[in-house]
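Because the structure is a prediction, the values reported are computed rather than measured. As a basis for the values below, the full set of heavy atoms in this structure was taken, side chains included, without hydrogen atoms, waters or symmetry mates.
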Amino acid sequence: MKVLLVAVNAKYIHSNLAVYSLKEYAEKYGKNEHEIKIKEYTINQYVEEIVADIYEEQADVIGFSCYIWNISQVMEVVNDLKSVCPKKDIWVGGPEVSYNAVQVLSDNVNIDYVMCGEGEEIFKQFLDNYDEGQLRNKDINGLVYREEGKIKTNPVINPVELSAIPFVYKDMRDFENKIIYYETSRGCPFSCSYCLSSVDKRIRFRDLDIVKEELQFFIDNKTAQVKFVDRTFNCNPRHAMEIWKYIKENDNGITNFHFEIAADLMTEEELELISDMRPGLIQLEIGVQSVNEETLQAIHRKTDIEGIENITGRIRQNKNIHQHLDLIAGLPYEGYLSFRNSFNTVYAMKPDQLQLGFLKVLYGAGISEEAKEYGIVCSSRPPYEVLKTKWLTFDEILSLKGIETVVEIYYNSLQFSETIKTLEEYFKSPFDMYERLGRYYKKCSVGGVKHSRANRYVLLLDFIMEELNLKEKDSLLWKELLTLDFYLRENAKTRPIFAKSLVDYKQNIHKIYCNPELKQKLKSYVDYSSKQIEHMTHIEVLKGRYILFDYKNRNALTKAADTIDVTTYLQL
């Protein structure tokens, strides 16, 4: 029998750890030898394209991994597939169908089975009992199905032993140009009402000896990035320390490891360990969500805001670890002014990235039961995002959406760092700056106009000139800052329109490149001629100084080119 596992990912660079885990577990422990194949698509592909590709596989059973970002498209695919393959059994699993399985079957006649909760053991038992086109025994924990016109629900299965799940990665060529997801624990010790991870309080850890072997596989293969999906990686200090010690001691100089942590749980021992790691070896994602104490209490989130400020500040001082901080708009008791305070407080922590997200009212999460009490109105369509609350109007949500857009473009991209840092000084607070910038950007994007990277620099300059009421003669500072930001990112051959002409400086720039002492300074270019170095680097004249941008040497965290003041090489 041929079984097809289907994943519809949000982006091409993503992979679906769940379907690979199901396949490996069933193949290792299953009683029957079925052919199990995985097909991955993206939500950007046409439904008819996905349906045609699945149909050509001629599988006997087809399973779909369901999440809020793909459920609408999955249902379209399922309906079309059932129309052309009415006798093939189709099942679904994943967080988007596990907590409302009866409703899923009631609303979708083309789905035959729902697998609820962790899927490895359910899937294995399903295949063990599937023979000659039908499921012989439906008494499988976690299975929801139809029988004689009625929907039947079996008890949810006990969690699987995490160390028993086989390692899913064998040939990394199968995951070329993909983010690699990896887990060493399941469950979460916290009770955040907006999060499905809080449903499972039974935290289980993968055996550390197994983990170290698997980490070595990634290190040996020089994998670019490994993203841990553990919900609170450092909830067990010993577990976290062992893993961080291992990757530090076996660092290959290339691989980056991403962890989601609770900063206020960090121990002195952990801080000491990571303080001198190679820049870029690890990056940390830290969920703050809100600094409003009433909000945190309402969502059952135990957070020490002062502790987070202290820890993130200490980590930032070492300049070796990328920190990504999260906020959620639309939580109980968080109005517009309260969110403004949360934003400014977290912004002051100077994260490398600040993720402004919006509450999603998920099936199974505690907040779904409390939504009416809090006046939370969300979209009826996935991802069930908040539209308004007792404390936040839809107009205010739209304003925050505009802020989210420009924070992503002008802060999180790290492409405008010098300009934004200076611009902040002209506003009461960072929130006010992004609020005004968001309105301006929206005004310039009527009709869904998409702006190129180069045009975003021009838009920012136009905003500065208008907002600060500047004359053309006052624009030099801002044009130079934007020029600096522009060339820090790439050695662009097309010069931005706001940059001053270098015609009068060309002769001096050529002299600098021809100076033999410059090559001695540029250790990474000793094997290149002065003409080649001139092509591979860039010299810009800023505030009367000649600044060389070295693109072979970049900041490990920001990816900005190294800069060297080479004015003295003109004088030699």
**Q** Rounded to the nearest 0.5 Å, how far apart are CD1 of I203 and CG of L162?
**A** 12.0 Å
**Q** For the residue pair Y441 and Y410, does the interplanar ring angle fall in the parallel (under 30°), tilted (30 to 60°) or perpendicular (over 60°) class?
**A** perpendicular
**Q** Donor-acceptor pairs under 3.5 Å, side chain of residues 362-375 to any protein atom, not counting sequence neighbours: which ones?
**A**
residue : atom : partner : partner atom : Å
S368    : OG   : A365    : O            : 2.6

**Q** Is there a donor-acceptor contact under 3.5 Å linking the side chains of N79 and N110?
**A** yes
**Q** Does any donor atom in the side chain of E214 or Y169 lie under 3.5 Å from an acceptor atom in the other side chain?
**A** no
**Q** Hey, are E334 and S342 close enough side-chain-wise for a donor-acceptor pair under 3.5 Å?
**A** yes
**Q** Do the side chain of T232 and the main chain of N234 share a donor and acceptor less than 3.5 angstrom apart?
**A** no
**Q** Could you tell me whether a side-chain N or O of S21 sits under 3.5 Å from a main-chain N or O of L17, the two making a donor and an acceptor?
**A** no
**Q** Would you find more than 12 non-hydrogen atoms of other residues, nucleotides or ligands less than 6.0 Å from K31 atom NZ?
**A** no
**Q** Within 45 degrees of the axis of the six-membered ring of F358 and under 6.0 Å from its centre: does K401 put its NZ or CZ there?
**A** yes
**Q** May I ask you to decide if V104's main-chain N or O and N108's side chain share a donor-acceptor pair within less than 3.5 Å?
**A** yes
**Q** Taking atom types as modelled and ignoring hydrogens, do the side chains of S445 and H451 form a donor-acceptor contact shorter than 3.5 angstrom?
**A** yes
**Q** Could you tell me whether the side chain of E40 reaches within less than 4.5 Å of the side chain of N9, counting heavy atoms only?
**A** yes
**Q** Write down the atom of C192, the atom of R301, and the distance for their closest heavy-atom approach.
**A** SG-NH1, 3.1 Å
**Q** Side-chain donor-acceptor pair under 3.5 Å between H324 and D326, yes or no?
**A** yes
**Q** Could you tell me if K227 sits above the aromatic ring of F259, with its cationic atom closer than 6.0 Å to the ring centre and no more than 45 degrees from the axis?
**A** no
**Q** Keeping N70 on the side-chain end and F64 on the backbone end, is there a donor-acceptor pair under 3.5 Å?
**A** no
